[in-house]
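Note that ligands are numbered from 1 as they come in the structure, with each ligand's atoms numbered from 1 the same way. These numbers come from the heavy atoms of this one structure, side chains and all, not from hydrogens, waters or symmetry mates. Position 1 is the first residue of the sequence, and the numbers go up from there. This is a predicted model, so every value here is computed, not measured.
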Amino acid sequence: MNASTIVVAGATGNLGGRIARALVERGAGVKALVRHGTAQHKLEPLQALGVITIASVDWTSASQLTPACSDASCVVSALAGLRDVIVEAQRVLLDAAIKFGVPRFIPSDYSIDFTKFPAGENRNLDLRRDFHTRLDKTSISATTIFNGVFADMLTGQMPLILFKLKRVLYWGDADQRMDFTTMDDTAAFTASAALDPSTPRFLRIAGDQLSARVLASVASEVTGKTFRLLRAGGLGILGVLIKVARTVAPGEKELYPAWQGMQYMRNMFDGRAKLKPLDNDRYPGIRWTTVRDVLSAL
Ligand SMILES: NC(=O)c1ccc[n+]([C@@H]2O[C@H](COP(=O)([O-])OP(=O)(O)OC[C@H]3O[C@@H](n4cnc5c(N)ncnc54)[C@H](OP(=O)(O)O)[C@@H]3O)[C@@H](O)[C@H]2O)c1
């Protein structure tokens with residue numbers, strides 16, 4: 001085993017590519033696992049980074065993945081998908097890692113702390129919980145990284161800061177703090193954790209921890225325009241809306257149907273998944289990006 005050889009699954013993805021880059025920056029040898037038939041334009045950034053190998057594999061067969069895991073000290077997964085990926089493809093990846101004696105595994109979690117609420121509240125996070133049930137029965141040393149919400153989403157997909165309306169939408173309590181970490185910071189921390197032989201089962205990071213009320217004042221300061229709070233309703237109402245949305249527009253085969261986004265929102269605003277204590281100081285050299293930084297870069 002080479003302590004600085006790391007396998008990255010999902011390296012063609014948004015987070016996975018950033019993890020691969022952060023690993024190379026830290027002097028690691030990266031082996032990228034990709035799907036058969038991956039388009040050349042997705043491979044070029046990995047080739048330019050100088051990863052050791054790009055193995056195109058059949059994700060249904062551990063024996064295909066096993067040689068790609070040779071010599072590695074950690075397998076990092078940044079796969080994204082539903083049951084076929086998070087439970088099934090990750091299981092094949094896990095089996096391959098175990099077969100080749102890879103000592104450590106980082107599953108594709110990168111989320112709020114779903115261990116703090118029961119199954120049934122968030123479909124996508126339940127899939128991770130299912131995978132953990134299997135993972136925790138093996139002898140491999142697993143580390144989950146919890147980072148809250150990707151802060152980058154505040155200026156994109158996430159309907160929290162409504163820039164055109166100059167409102168910050170919230171459910172329940174405007175003073176409930178939530179965790180935000182950029183993808184780059186999550187990738188940097190994950191790369192350091194992948195190279196650290198003594199990580200615990202869970203690591204928690206947050207570039208920033210803000211409530212809707214503070215988000216409104218930060219958005220106001222950064223843009224020079226007044227952002228006010230907009231209360232959409234209580235968490236009970238949100239729960240009812242989730243049920244209605246799931247009935248009217250099920251989209252069960254989609255990764256992020258509208259009701260799934262609402263499930264994430266409910267978990268963030270109800271406070272149980274709040275990350276504490278934080279492991280931000282575990283690796284020196286990571287300068288945590290704040291929400292103010294993210295909004296200022298707009
Ligand atoms: N906390 C947050 O706010 C937040 C937000 C977004 C995502 N996330 C999490 O971050 C992680 C990475 O997400 P991302 O946005 O970087 O995803 P992404 O850009 O969609 O990348 C997903 C990766 O998984 C690979 N993949 C998908 N299905 C596969 C399959 N059946 N077999 C093998 N490989 C497959 C993709 O390969 P191809 O390139 O071949 O498609 C790609 O490399 C996930 O755990 C996701 O849930 C967290």
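- Not one N or O of Ser111 is nearer than 3.5 Å to an N or O of ligand 1, by distance alone.
- Using a 3.5 Å distance cut-off with no hydrogens or angles, the side chains of Thr144 and Asp109 do pair a donor with an acceptor.
- Not a single heavy atom of Met183 sits less than 4.0 Å from an atom of ligand 1.
- Donor-acceptor pairing under 3.5 Å is recorded for the side chains of Arg123 and Gln260.
- Using a 4.0 Å cut-off to heavy atoms of Asn147, the atoms of ligand 1 that qualify are 1 (N).
- Salt bridge absent: Arg292 and Asp208 never bring a charged side-chain N and a carboxylate O closer than 4.0 Å.
- Where the criterion is an N or O separation shorter than 3.5 Å, residue side chain and backbone included, Gly16 fails it with respect to ligand 1.
- Below 3.5 Å of separation, one finds no N or O of Val85 facing any N or O of ligand 1.
- In this structure, Ala78 is part of the shell of residues with a heavy atom less than 4.0 angstrom from ligand 1.
- Distances shorter than 4.0 angstrom occur between a heavy atom of Tyr256 and an atom of ligand 1.
- Remark: the backbone N or O of Arg282 is not paired with any side-chain donor or acceptor of Asp279 at under 3.5 angstrom.
- Any N or O atom pair closer than 3.5 Å counts here, and Met153 shares no such pair with ligand 1.
- Checked against a 3.5 angstrom limit, the closest N/O atoms of Val149 and ligand 1 fall outside it.
- Relative orientation of the Phe202 and Phe146 rings is parallel, given thresholds of 30° and 60° on the angle between their planes.
- Side-chain contact, Thr290 with Asp293: a donor N or O sits under 3.5 Å from an acceptor N or O.
- Contact analysis leaves Gly17 out of contact with ligand 1, as no non-hydrogen atom separation drops below 4.0 angstrom.
- For ligand 1 and Lys42, the ligand atoms under 4.0 Å from any heavy atom of the residue are 38 (P), 39 (O), 41 (O).
- Ion pairing between a basic and an acidic side chain is recognised when a charged N comes within 4.0 Å of a carboxylate O; Asp179 and Lys274 show such pairing.
- One side chain, Thr60 or Asp58, offers a donor N or O that lies under 3.5 Å from an acceptor on the other.
- In terms of polar-atom proximity, defined here as any N/O pair under 3.5 Å, Arg128 does make such a contact with ligand 1.
- Considering both main-chain and side-chain atoms, Phe150 comes within under 3.5 Å of ligand 1 through a nitrogen or oxygen pair.
- The hydrophobic cluster containing Val294, built from Ile/Leu/Val/Met/Phe/Trp/Tyr side-chain heavy atoms closer than 4.5 Å, comprises no other residue.
- Residues Asn124 and Arg128 have side chains that never bring a donor and an acceptor to within less than 3.5 angstrom of each other.
- In terms of polar-atom proximity, Arg35 is counted as a contact of ligand 1, with an N or O under 3.5 Å from an N or O of the ligand.
- When the heavy-atom distances from atom 1 (N) of ligand 1 to Phe146, Tyr110, Tyr264 are ranked, the shortest goes to Tyr110.
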